[in-house]
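Here is the structure we will look at, set down as structure tokens.
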Amino acid sequence: MTEENEKMVVTPWEVRGVIDYDKLIEQFGVQPMTPGLAERIAKHAGYMHLQLRRGIYLSHRDVDWWLGEHEKGNRVGLYTGRGPSGYVHLGHLLPWFFCKYLQDAFGADLYFQMTDDEKFVFDDHLSLDQTIGYTYDNALDVIACGLDPEKTHIFSDTEHIQHLYKIALRVSKRVTYSTAKAVFGFQDSDNIGMIWYPALQAMTCFLQSDRDGENIPCLIPAAIDQDPYWRMTRDIAEKMGYYKPAQIHAKFLPGLGKGGKMSSSMPETAIFTVDPPEVAENKVMAAFTGGQATVKEQREKGGDPTICSIYAYAYFLFEEDDAKLIELEKDCRSGALVCGDCKARLAKVISRFLVDFQAKREKAKDSIQDYFIK
Ligand code: TRP
């Protein structure tokens, strides 16, 4: 089966096929993002983030309500997380950059969950030592995104369980096995760790409210595949005396190959934050583009940026300037720009980004303890 006609699958554990975002919005029953909402966020931030301008946040639940609470002068909070199963790649950074923007704009605390338990029970190949090791490694990436140490609370499900267990228990008592099966599609052969795990991911929605002793509206920036967790959580939130968590859903960052999201299981098409810059440059130079087979043909017919992974990187992350992005698209379509030059340009940008990010990551080692919850 080729990528094109492979059926779309989007679950918390698997993302496959060609992603049809309109269909996802309908299937998941979420609200499409609107320019008005983006404007409202931008007003508080003082500028419109690239990811908002370019429609990378495609849908949401209750962002209007969350903004309204802030506008009334109430405290608001943020929650996101990471399954620490390996090194971090650029696709993971996308929502974390956005969290930094929201944290600054709304003065919000961010609770950041490292699900080393999830990755252990769902993955046949990872030991607990490995997932916990990645928790501390990946935390360096989170910190390198520039989050505020006073307002960022990273925790590991295994290492900080004493702060989480009581709320997780209260969540678990509200969710029947039949609901969990319906939402997540569990099978009889699944281990019971998998079935318990959603209580942990849901619990974080209420963690700040619980710790601070007041009800604080929680917004979760995340890729849309995590939605089933929030559907489950929203059903029980009010019965537990909390607000329903709000969400804002990001599109997936494509990989450097043909179609599909950036994925750690295809390391040659993913750029990891720990990649030596020259390795990343080589990956970019080997990437799939929307170009023609030969330079001559490219000059005559031009390329197709809509299917090009290189263009996608400029669009999602690396070309801040909208005018320059339009120019890039135009030069690609007209054939004025050939793929080799375009790739070389992006390779340099990514390599500079990595040098800078890796320095921040190194520096984060000194302050990592300031970010973990106590
Ligand atoms: N389940 C997520 C993963 O596998 C990790 C996660 C936990 C998360 N809580 C979250 C992601 C909240 C986004 C938002 O990566």
Side-chain angles (χ1 to χ4, degrees), residues 10-15 28 30 56-57 59-61 63 66 77-100 102-103 108-123 125-126 130-132 134-135 137-139 141-142 145 147 152-161 163-164 167-168 171 180 183-184 193-208 218-234 237 244-253 261-265 270 373:
V10 177
T11 72
W13 310 290
E14 194 178 19
V15 177
F28 287 174
V30 294
I56 287 160
Y57 282 87
S59 61
H60 74 100
R61 289 182 203 268
V63 164
W66 186 86
L78 293 165
Y79 159 33
T80 197
R82 153 87 180 136
S85 55
Y87 290 115
V88 162
H89 61 56
L90 295 181
H92 303 126
L93 293 183
L94 211 63
W96 306 351
F97 286 152
F98 196 64
C99 281
K100 151 84 181 146
L102 293 177
Q103 179 175 70
D109 282 53
L110 168 68
Y111 276 81
F112 196 106
Q113 179 174 34
M114 292 290 187
T115 60
D116 33 24
D117 54 346
E118 174 191 20
K119 290 298 147 178
F120 174 64
V121 295
F122 279 91
D123 192 303
H125 307 290
L126 288 167
Q130 283 173 312
T131 62
I132 295 169
Y134 283 126
T135 284
D137 170 86
N138 294 178
D141 295 287
V142 175
C145 291
L147 293 155
T152 303
H153 314 279
I154 307 177
F155 62 94
S156 140
D157 284 350
T158 60
E159 305 243 280
H160 300 96
I161 190 64
H163 302 290
L164 322 172
I167 320 178
V171 167
V183 173
F184 299 101
M194 293 163 68
I195 293 146
W196 152 257
Y197 169 73
L200 257 294
Q201 184 151 335
M203 163 285 309
T204 316
C205 300
F206 314 133
L207 187 58
Q208 186 183 12
C218 169
L219 172 67
I220 310 166
I224 193 164
D225 61 325
Q226 299 296 308
D227 188 69
Y229 288 106
W230 323 130
R231 232 182 303 151
M232 179 192 100
T233 314
R234 286 169 63 86
K244 291 181 179 182
Q247 288 101 59
I248 182 161
H249 300 123
K251 290 185 183 172
F252 303 105
L253 181 70
K261 70 161 187 166
M262 187 170 275
S263 163
S264 307
S265 59
I373 63 171

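Counting starts at 1 for both ligands and their atoms, in listed order. What you are looking at is a predicted structure, and each value in this text was computed from that prediction instead of being measured.
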Donor on one side chain, acceptor on other, Thr152 and Gln103, under 3.5 Å: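 Their side chains do contain a donor-acceptor pair, which is all the 3.5 Å distance test asks for.
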Modelled atom types, side-chain donor and acceptor of Gln247 and Gln226, under 3.5 Å: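 There is no such pair between these side chains.
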Heavy-atom pair with the smallest gap, counting every atom of Glu118 and Trp13: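 Heavy-atom minimum between the residues: OE2-NE1, 4.1 Å.
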Residues in contact with ligand 1, criterion: heavy atom under 4.0 Å: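 Lining ligand 1 at under 4.0 Å, by heavy atoms, one finds Tyr79, Thr80, Gly81, Arg82, Gly83, Gln113, Thr115, Glu118, Lys119, Tyr197, Gln201, Ile220, Ala222, Gln226, Trp230.
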Partners meeting side chain to side chain contact (heavy atoms under 4.5 Å, CB included) with Ala246 (sequence neighbours left out):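 In terms of side chain to side chain contact (heavy atoms under 4.5 Å, CB included), with neighbours along the sequence ignored, Ala246 is linked to Asp62, Trp65, Trp66, Leu219.
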Residues which pass side chain to side chain contact (heavy atoms under 4.5 Å, CB included) with Pro228, listed by chain and number, not counting sequence neighbours: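 So Pro228 forms a side chain to side chain contact (heavy atoms under 4.5 Å, CB included) with Pro12, Val183, Phe184, Arg231.
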Which residues share a salt bridge (charged side-chain N to carboxylate O under 4.0 Å, His left out) with Asp123, sequence neighbours left out: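 Here no residue qualifies.
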